[in-house]
Amino acid sequence: MTTPETPNGVVHRNIKTPQSEEISGPAAGNRNNVSDEDLRQWQKHAQRVKEKVLEQVQVQLSDLLDQALTKTVESFTQTQPTFNGKTTNKSAPRSQRTDDGKVFVARPSLLDELFEINHIRTIYHMFIAVLLMFCLSTLAVDYIDQGRIVLEFDLLFFAFGKLGTVVWAWAVMFFYTLLVPYLTLVIWGSLYNTCPSKLGLSLGTGLILSAVQTYVLGLFPIFVVVQYQLPPASRFIVILEQIRFLMKSYSFIRETAPVIMRNTPKEGESPRFPSLSSYLYFLFCPTLIYRESYPRNTHIRWKYVGITTGMIFGCLFYTYFIMVRLCVPVFRPETKQPFTKRTMVLAVFHSILPGIMLLLLCFFAFLHCWLNLFGELLRFADRMFYKDWWNSTSFANYYRTWNVVVHDWLYQYGYRDFLWLSKRKFRTAAMLSVFIVSAVVHEYALAMGFGFFYPVMFFLFAIFGVVFNFAMNDKRQSPVFNVVMWACLFLGQGVQVCLYSQEWYAQIHCPRTENSFWEMVTPPPQDAPTQSTVCILTVEKNSLLRVVHCAGLQE
């Protein structure tokens, strides 16, 4: 709001002096006239200031009310034309949602907005400088040890090995997810209004689709991962895509089936189904909630695409240097020193720095760069993939804001559906069920990705996560609780990196005799003392289960 200028013609009054009181006659009359004119001028000036202030307040209130309405509207509205995440007409409707559903609004990602501030962008530059230091230190160590500059990325090539198998396995899952759920919905919807037993048709179709889903999207990825012995990164690609396709196909059926059931076609008309192109777009766009249309940008910013792609590769190399410089030298066994509590405690605290850096890299690489890359290529305008989770003073808020994409799916189809089935009772049970499901899926992804079952993530998520969710709830607003939250994240990441790294090398030096699920989740058998004795002698820092077991056999 601009400051209004002082009106012309305003006469400033002087302070009366004793001599002025003796003045009378025409001079006194002139002074009274000047004072009245001064007062009228100031009244007009104050009125103009008042009008301008009210105008500015009205604009601000209008914007605030507009934002509030977009979050609370519960009816279908037209999507607003956007220009790369920025609205072009504030008076036009900007969102689309179904009843009590997810709101899609044209908005940029939070970090994209924060990076426009020089002070915040400096933090980003600091991380780039640390990456350069990692690279230089690796080159210096290699030159000192081998007398030549060696910059080999053998760990990356190992982790992403057998990409050909990953590609054809992904193609099978993709074409199945594209065709089978869609055709099943079309066939079921065509028969639903003419079938005399609607319930029987729905149950039969649901059971058949569930069985096919179990075999193709359930067992097939596991078979590929185990049978072809894929390396870790390739395993994670297959398993995470398996989970994504399951969540996408469920959302598509869950959102479209009730609409077909409610909208009975008129006589002579065929039922209306969503187009295959909208479903194909949904399979690639960065959201897990299906809609026939989303807010779209007007064009693709190819410069933004190039920068985001470069940041993804930068995060990949960043992760490589963290593993090579901070993790592998600590956990790779090189001596025959037995496992002790001291080495365990030191390993946990040594893992805090790489652990929190890996957490931040996973967040930035996937939730910001990867999702924004696909959002830009598909002109998907709603870029709120996360919120300001780093400012959270409660774990409840952290869980809601860390990964908004997954949170929306869990809230929409887990929490709300549980409340609907229980007639809006048992809210605590609904929350606990969502936590358990999320913890199981996280642990399943880690178990299949690493090739062994070691439920550290499940223990931290399903037990400590639930306790902290109720202990540090939204009522905690003090900055002290933000410090507590970050301290817990530091320690939790240190524990996970330490224990999973130890178990990785324990699996190498205490290999399983059989390639079965039971063998994967248990320590070495009792009838293999020789192998276990070798394990305790050669592994410096081993996993807790295998170290305790081997030590018992040695005694």
Just verifying a value: how many Å separate [X] [atom1] and [Y] [atom2], rounded to the nearest 0.5 Å?
{"X": "Met384", "Y": "Arg107", "atom1": "CE", "atom2": "CZ", "answer": "4.0 Å"}
{"X": "Gln242", "Y": "Ile239", "atom1": "CD", "atom2": "CD1", "answer": "5.0 Å"}
{"X": "Leu283", "Y": "Thr177", "atom1": "CG", "atom2": "OG1", "answer": "7.0 Å"}
{"X": "Leu371", "Y": "Tyr386", "atom1": "CG", "atom2": "OH", "answer": "9.5 Å"}
{"X": "Cys498", "Y": "Met344", "atom1": "SG", "atom2": "CE", "answer": "4.5 Å"}
{"X": "Leu114", "Y": "Tyr124", "atom1": "CG", "atom2": "OH", "answer": "14.0 Å"}

With [X] via ring-ring contact (aromatic ring centres under 6.0 Å, His included) - residues at least two apart:
{"X": "Phe284", "value": "Phe174"}
{"X": "Tyr215", "value": "none"}
{"X": "Tyr500", "value": "Phe450"}

Cut-off 3.5 Å, no hydrogens considered: what does the side-chain donor-acceptor table look like for residues 308-319, sequence neighbours left out?
from, atom 1, to, atom 2, distance (Å)
Thr308, OG1, Tyr304, O, 2.7
Thr309, OG1, Val305, O, 2.8
Tyr318, OH, Phe127, O, 3.0
Thr319, OG1, Cys315, O, 2.9

Should the heavy atoms of other residues, nucleotides or ligands under 6.0 Å from [atom1] of [X] be counted, would the total exceed 12?
{"X": "Asn118", "atom1": "CG", "result": "no"}
{"X": "His125", "atom1": "NE2", "result": "yes"}
{"X": "Trp168", "atom1": "CH2", "result": "yes"}

(message) For the aromatic rings, using the six-membered ring if either is Trp, is the centroid distance between Tyr294 and Phe380 under 6.0 Å?
(response) yes
(message) As a quick check of understanding, evaluate side-chain contact (heavy atoms from CB on, under 4.5 Å) for Met485 and Thr393, giving each step before the final call.
(response) CA-CA 7 Å; Met485 186 206 73; Thr393 56; over 6 Å; no
(message) Checking side-chain polar atoms at under 3.5 Å, does Asn372 have a donor or acceptor matched by the opposite partner on Ser109?
(response)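 On atom types as modelled, these side chains qualify, holding a pair under 3.5 Å.
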(message) Is a donor from one side chain sitting under 3.5 angstrom from an acceptor on the other, for Tyr176 and Gln213?
(response) yes
Quick check: closest heavy atoms across [X] and [Y], and the distance to 0.1 Å?
{"X": "Arg235", "Y": "Gly451", "result": "NH1-CA, 3.7 Å"}
{"X": "Cys327", "Y": "Val497", "result": "SG-CG1, 4.1 Å"}
{"X": "Phe458", "Y": "Ala439", "result": "CD1-CB, 3.7 Å"}
{"X": "Tyr444", "Y": "Ile243", "result": "CD2-CD1, 4.3 Å"}
{"X": "Met247", "Y": "Val406", "result": "CE-CG1, 4.5 Å"}
{"X": "His350", "Y": "Leu326", "result": "NE2-O, 3.2 Å"}

Any donor-acceptor pair under 3.5 Å from [X] side chain to [Y] backbone:
{"X": "Tyr281", "Y": "Leu378", "result": "yes"}
{"X": "Lys162", "Y": "Tyr228", "result": "yes"}
{"X": "Ser438", "Y": "Val434", "result": "no"}
{"X": "Asn482", "Y": "Ser392", "result": "yes"}
{"X": "Gln496", "Y": "Gly355", "result": "no"}

Does a side-chain heavy-atom distance below 4.5 Å link [X] with [Y]?
{"X": "Asn397", "Y": "Phe481", "result": "no"}
{"X": "Met173", "Y": "Val216", "result": "no"}
{"X": "Phe453", "Y": "Glu443", "result": "yes"}
{"X": "Phe321", "Y": "Ser137", "result": "no"}
{"X": "Leu288", "Y": "Ser251", "result": "no"}
{"X": "Arg383", "Y": "Leu111", "result": "no"}
{"X": "Leu358", "Y": "Met323", "result": "yes"}
{"X": "Leu361", "Y": "Ile322", "result": "yes"}

(request) Give a yes/no verdict on a cation-pi contact between Lys248 and Phe282, requiring under 6.0 Å between NZ or CZ and the six-membered ring centre and an angle within 45° of the axis. (result) yes
(message) Quick one, Thr287 with Phe104, criterion side-chain contact (heavy atoms from CB on, under 4.5 Å). Give me CA distance, side-chain angles, the key distance, then yes/no.
(response) CA-CA 10 Å; Thr287 181; Phe104 289 96; 3.5 Å; yes
(message) If the test is ring-ring contact (aromatic ring centres under 6.0 Å, His included), which one of Tyr399, Phe464, Tyr415, Phe395 qualifies with Phe435?
(response) Tyr399
(request) Test Phe385 against His368 for side-chain contact (heavy atoms from CB on, under 4.5 Å), laying out the working first. (result) CA-CA 7 Å; Phe385 310 127; His368 179 73; over 6 Å; no
(message) Please verify the inter-ring angle class for Phe245 with Trp170; under 30° counts as parallel, over 60° as perpendicular, anything in between as tilted.
(response) tilted
(request) Fit a plane to each ring of Trp389 and Trp486, take the angle between them on a 0 to 90° scale, and name the class: parallel (under 30°), tilted (30 to 60°) or perpendicular (over 60°). (result) tilted
(request) Can you tell me which residue pairs pass the side chain to side chain donor-acceptor pair (under 3.5 Å) test with a partner in residues 401-410, sequence neighbours excluded? (result)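 Output for this query lists Lys102-Asp408.
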(request) Take Trp390 and Leu110 through the test side-chain contact (heavy atoms from CB on, under 4.5 Å) and record every step on the way to the result. (result) CA-CA 12 Å; Trp390 48 85; Leu110 182 57; 3.6 Å; yes
(message) I'd like to check the salt bridge (charged side-chain N to carboxylate O under 4.0 Å, His left out) partners of Arg244; sequence neighbours left out, ordered by chain and number.
(response)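 If we apply the salt bridge (charged side-chain N to carboxylate O under 4.0 Å, His left out) test to Arg244, skipping adjacent residues, the hits are Glu241.
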